[in-house]
Amino acid sequence: MKKLFAEFFGTYWLVFGGCGSAIFAAGIPDLGIGFAGVALAFGLTVLTMAYAVGHISGGHFNPAVSFGLWAGGRFSIKELIPYVLAQCIGAIAAAGTLYTIASGKAGFIIDNTKAGAFASNGYGAFSPEGYSMQAAFIVEFVLTLFFLLVILGATDKFANGKFAGIAIGLALTLIHLISIPITNTSVNPARTLSQALFVGGEPLSQVWLFWLAPILGAIVAGFIYKNLLQDTSEA
């Protein structure tokens, strides 16, 4: 149960900090943090919780990461579903907190016809810059694949584990710097689901892509690292 609570709180912090920065701080005229600030916020959430609770649960905070670590031989399939459920519940709880806070401002409304509403992900008309479904799938697949390669490499027993959280947090920052204009960046199915549940409409119907592409990318990364990159002396 401690592992599941760690995943709950870690994912809660990721969504609250990352999506919260997008909702409250990104677009303030003259003082807003913009895309770069949001990218950094997501990276910082993972970095901070990796050191706070990573030693308890492994610090996944993302269903795709759990699938990738399983594919890489680092995680038991028996724990996969409980981890994913804890991550999704944590993400939804964070989105609910964000919604409650945002509702405290007069005139607050979620326009589910607008790309990126309530920090939601999307493609086509719901991509921040109008990128197609194919483009969205490719970027989410590729970026999650490389995210898992970073995670698997940084946490390898031959790597310097003290710096793993920094490498992983910076990787997530880079991922957001690349893809916020394309999909508003997911690479995390729980993060996408939590925001879409409050937005509804077309963004909710597009959630499937942000589960399928990241999980496939993560699984491919797991197999690549295990079979092509991992030192055979680890076996």
Side-chain angles (χ1 to χ4, degrees), residues 4-24 38 41-42 45-46 49 57 59-70 75 79-103 110-128 131 133 136-137 139-141 143-145 147-148 172 175-176 179-180 182-219:
L4 299 183
F5 277 122
E7 287 299 304
F8 170 89
F9 287 116
T11 314
Y12 182 103
W13 186 236
L14 185 151
V15 171
F16 186 83
C19 294
S21 69
I23 293 167
F24 300 124
V38 173
F42 270 101
T45 63
V46 170
M49 291 308 287
S57 67
H60 299 191
F61 319 141
N62 179 340
V65 171
S66 297
F67 273 94
L69 292 176
W70 162 74
F75 187 60
E79 295 185 279
L80 188 56
I81 298 303
Y83 263 54
V84 170
L85 289 174
Q87 291 155 1
C88 288
I89 293 168
I92 293 167
T97 306
L98 293 173
Y99 182 85
T100 302
I101 295 169
S103 299
I110 296 176
D111 182 358
N112 65 11
T113 66
K114 181 181 178 182
F118 200 58
S120 59
N121 302 114
Y123 55 81
F126 294 89
S127 157
Y131 285 86
M133 179 178 68
F137 190 96
V139 77
E140 290 290 330
F141 177 91
L143 291 178
T144 311
L145 187 154
F147 188 40
L148 264 294
L172 190 60
I175 284 167
H176 279 77
S179 60
I180 286 177
I182 304 170
T183 61
N184 216 21
T185 309
S186 173
V187 301
N188 186 333
R191 168 262 189 273
T192 297
L193 176 65
S194 63
Q195 304 311 115
L197 286 174
F198 285 86
V199 175
E202 187 65 21
L204 184 58
S205 73
Q206 293 186 359
V207 164
W208 68 270
L209 184 144
F210 300 100
W211 276 77
L212 183 61
I215 288 175
L216 287 178
I219 290 173

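Computed from a predicted model, the values in this text were never measured in an experiment. Values below: every heavy atom of this structure, side chains too, minus hydrogens, waters and symmetry copies.
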Item to check | side chain to side chain contact (heavy atoms under 4.5 Å, CB included) involving A218 - partner list, sequence neighbours excluded | outcome: A64, T144, L148
Item to check | Sequence-distant partners of L145, side chain to side chain contact (heavy atoms under 4.5 Å, CB included), two or more places apart | outcome: F141, L149, V220, A221, I224
Item to check | Which residues share a ring pair (Phe, Tyr, Trp, His ring centres under 6.0 Å) with H176, sequence neighbours left out | outcome: F42
Item to check | Considering all heavy atoms, the nearest A94-F16 contact | outcome: CB-N, 3.8 Å
Checklist outcome for this item: Rounded to the nearest 0.5 angstrom, the CG-OG distance for L98 and S21 is 9.5 Å
Item to check | Flag side-chain contact, heavy atom, 4.5 Å: S66 against F75 | outcome: yes
Checklist outcome for this item: The complete set of side chain to side chain donor-acceptor pair (under 3.5 Å) pairs with one or both residues in residues 89-100, sequence neighbours excluded, reads Y12-T97
Next on the checklist: If I compare all heavy atoms of N62 with all of P189, which pair ends up nearest, and what's the gap?
Outcome noted: OD1-CD, 3.4 Å
Item to check | N184 (side chain) donor-acceptor with A115 (main chain) under 3.5 angstrom | outcome: no
Next on the checklist: Show, in sequence, the C-alpha distance, side-chain angles and deciding distance for L172 and V187, and conclude whether the side chain to side chain contact (heavy atoms under 4.5 Å, CB included) test is met.
Outcome noted: CA-CA 9 Å; L172 190 60; V187 301; 3.9 Å; yes
Item to check | Spacing of CZ belonging to F67 relative to CD1 belonging to I215, to within rounding of 0.5 Å | outcome: 4.5 Å
Item to check | Qualifying residues under side chain to side chain donor-acceptor pair (under 3.5 Å), relative to S194, sequence neighbours excluded | outcome: none
Item to check | S127: partners by side chain to side chain contact (heavy atoms under 4.5 Å, CB included), with sequence neighbours left out | outcome: Y131
Item to check | Contacts of N121 that satisfy side chain to side chain donor-acceptor pair (under 3.5 Å) - sequence neighbours left out | outcome: R191, T192
Checklist entry - Can you name the closest pair of heavy atoms from P128 and I180 and give their distance? => result CG-O, 3.2 Å
Checklist entry - Does a side-chain heavy-atom distance below 4.5 Å link F147 with V65? => result yes
Checklist entry - Just how far is it from atom CZ of F198 to atom CD1 of I92, taken to the nearest 0.5 Å? => result 7.5 Å
Next on the checklist: Give me the atom names and distance for the closest heavy-atom approach of A196 to P203.
Outcome noted: CB-O, 4.0 Å
Item to check | For the student: nearest non-hydrogen atoms of S57 and E7, plus distance | outcome: OG-OE2, 2.6 Å
Next on the checklist: Parallel, tilted or perpendicular, judged at 30° and 60°: which one describes the rings of Y123 and W208?
Outcome noted: perpendicular
Next on the checklist: Would you say that T11 contacts H60 through its side chain, given a criterion of any heavy-atom pair below 4.5 Å between the two side chains?
Outcome noted: no
Checklist outcome for this item: Sequence neighbours excluded, the answer for side chain to side chain donor-acceptor pair (under 3.5 Å) partners of S103 is none
Checklist outcome for this item: The side chain to side chain donor-acceptor pair (under 3.5 Å) partners of T183 (sequence neighbours excluded) come to E140
Checklist outcome for this item: The salt bridge (charged side-chain N to carboxylate O under 4.0 Å, His left out) partners of E79 (sequence neighbours excluded) come to K3
Checklist entry - Excluding sequence neighbours, so at least two apart, what forms side chain to side chain contact (heavy atoms under 4.5 Å, CB included) with T45? => result W13, L14
Item to check | side chain to side chain contact (heavy atoms under 4.5 Å, CB included), paired with V199, selected from D111, L204, N112 | outcome: N112
Checklist entry - Can you check whether F8 reaches Q87 side chain to side chain, under 4.5 Å on heavy atoms? => result no
Item to check | W211 vs P63 side-chain heavy atoms within contact, under 4.5 Å | outcome: yes
